[in-house]
Amino acid sequence: MNLDVSKAFIRQMEDFPFEVEVALEEQNVNGDQIRFDPVRLCGTFSMIDDVVTLHGSLHTVVHAPCALCMESVALPLDVAFSETFRKDADEEEDGCFRYENKLLPLDHMTLTLVLLNLPMRFQCDHDCTGGVGLTEWDEEKTVWAEEDDGSQPGTYRPFESLADLLENDQKQ
């Protein structure tokens with residue numbers, strides 16, 4: 001999806017409204033397939049010299065599996081943004097996006113904004129236990145107490161040894 005900003009070339013430093021929809025393809029994020037409803041971008045664009053600035057908001061719904069029970073989660077995503085496009089930009093080094101002619105390509109910017117604003121993991125409900133023997137929250141509501149009926153091997157905690165190393169370093 002491209003945004004035509006030719007009006008800004010004629011009348012620089014003037015704000016022009018825009019509203020567009022961008023369709024993003026399904027993405028594999030940390031092994032999970034994540035889908036997006038059409039992304040609605042609305043706001044204003046303006047130009048000074050050869051730099052085009054977009055100010056606005058992004059609205060979509062993200063669909064992903066719950067990290068605990070694998071049920072589908074629909075998360076509304078609303079993001080305010082202010083992004084810069086330059087004709088001669090090196091996107092990896094300059095921290096802004098590149099445009100050609102009088103068209104701003106919005107696909108890469110939209111995908112970047114959406115991915116940067118996703119949660120670390122999706123959870124269908126605050127009280128979801130995932131059906132894996134997790135029964136209740138501890139007093140701080142941060143860690144689950146586990147059932148121990150003797151049928152399951154011990155819980156694997158790969159970073160537990162790192163906590164011990166940190167504790168030892170702090171003692172020294």
Side-chain angles (χ1 to χ4, degrees), residues 1-131 134 137 140-144 158-159:
M1 165 50 111
N2 292 322
L3 177 63
D4 183 359
V5 294
S6 56
K7 293 182 221 175
F9 279 80
I10 298 168
R11 297 188 310 231
Q12 292 207 4
M13 299 191 326
E14 186 175 330
D15 288 338
F16 296 95
F18 73 92
E19 187 168 334
V20 296
E21 259 191 19
V22 177
L24 295 178
E25 292 191 20
E26 190 171 294
Q27 299 290 314
N28 183 325
V29 178
N30 295 328
D32 291 328
Q33 289 302 112
I34 298 181
R35 294 181 301 106
F36 310 96
D37 286 354
V39 180
R40 188 169 57 88
L41 300 167
C42 56
T44 61
F45 63 87
S46 62
M47 182 172 194
I48 299 175
D49 294 328
D50 70 339
V51 178
V52 179
T53 305
L54 292 178
H55 299 282
S57 58
L58 171 151
H59 309 281
T60 190
V61 176
V62 180
H63 302 274
C66 174
L68 300 173
C69 68
M70 300 307 289
E71 291 294 320
S72 182
V73 177
L75 174 72
L77 190 62
D78 297 307
V79 178
F81 65 87
S82 179
E83 296 294 338
T84 304
F85 287 77
R86 283 196 359 237
K87 200 170 200 93
D88 60 347
D90 180 355
E91 291 184 356
E92 292 181 18
E93 302 234 351
D94 295 339
C96 61
F97 297 95
R98 181 184 180 100
Y99 73 90
E100 291 182 21
N101 301 322
K102 296 176 182 173
L103 299 174
L104 304 184
L106 297 178
D107 294 330
H108 181 68
M109 180 198 80
T110 303
L111 181 61
T112 301
L113 287 169
V114 169
L115 292 178
L116 287 175
N117 287 282
L118 290 178
M120 292 299 290
R121 69 181 202 172
F122 291 86
Q123 192 168 334
C124 63
D125 185 16
H126 179 68
D127 296 327
C128 179
T129 62
L134 304 173
W137 292 92
E140 290 87 32
K141 299 285 186 199
T142 56
V143 180
W144 285 294
F159 298 109

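One-based numbering along the sequence shown.
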Minimum heavy-atom distance between [X] and [Y], given as atom pair plus value:
X   : Y    : answer
C66 : C124 : SG-N, 3.3 Å
N2  : P105 : OD1-CA, 3.2 Å
E14 : S46  : O-CB, 3.5 Å
K87 : Y99  : N-CE2, 3.3 Å
P38 : E21  : CB-OE1, 3.6 Å
T53 : S82  : CG2-OG, 4.2 Å

For [X], does the [atom1] atom have more than 12 heavy-atom neighbours from other residues, nucleotides or ligands under 6.0 Å away?
X    : atom1 : answer
Q12  : CD    : yes
E100 : CD    : no
N28  : CG    : yes

Nearest 0.5 angstrom please: [X] [atom1] to [Y] [atom2], how far?
X    : Y    : atom1 : atom2 : answer
T60  : L113 : OG1   : CG    : 12.0 Å
F16  : I10  : CZ    : CD1   : 8.0 Å
K7   : F45  : NZ    : CZ    : 5.5 Å
L3   : L54  : CG    : CG    : 6.5 Å
F122 : I34  : CZ    : CD1   : 4.5 Å
D88  : R98  : CG    : CZ    : 7.0 Å

Subject >> Mutual orientation of the aromatic rings belonging to F18 and F81 [parallel < 30°, tilted 30-60°, perpendicular > 60°] >> reply: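 F18 vs F81 ring planes: tilted.
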Is any side-chain heavy atom of [X] less than 4.5 Å from a side-chain heavy atom of [Y]?
X   : Y    : answer
M47 : V5   : no
M1  : L41  : no
V22 : M109 : no

Original post:
Checking side-chain contact (heavy atoms from CB on, under 4.5 Å) for the pair L68/Q123: CA distance, chi angles, key distance, verdict?
Top reply: CA-CA 7 Å; L68 300 173; Q123 192 168 334; 3.8 Å; yes
Subject >> Candidate pair F85 and L103, rule side-chain contact (heavy atoms from CB on, under 4.5 Å), full reasoning >> reply: CA-CA 10 Å; F85 287 77; L103 299 174; over 6 Å; no
**OP:** Taking salt bridge (charged side-chain N to carboxylate O under 4.0 Å, His left out) as the test, write out the residues that go with D78, two or more places apart.
**Re:**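 Testing D78 for salt bridge (charged side-chain N to carboxylate O under 4.0 Å, His left out), a comparison that skips the adjacent residues, returns none.
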**OP:** Apply the test side-chain contact (heavy atoms from CB on, under 4.5 Å) to residues H63 and D37: give CA-CA distance (whole Å), side-chain angles for both, the deciding distance (0.1 Å), then the verdict.
**Re:** CA-CA 8 Å; H63 302 274; D37 286 354; 2.9 Å; yes
**OP:** Kindly determine whether H55 and D15 satisfy side-chain contact (heavy atoms from CB on, under 4.5 Å), including the steps that lead there.
**Re:** CA-CA 10 Å; H55 299 282; D15 288 338; 5.7 Å; no
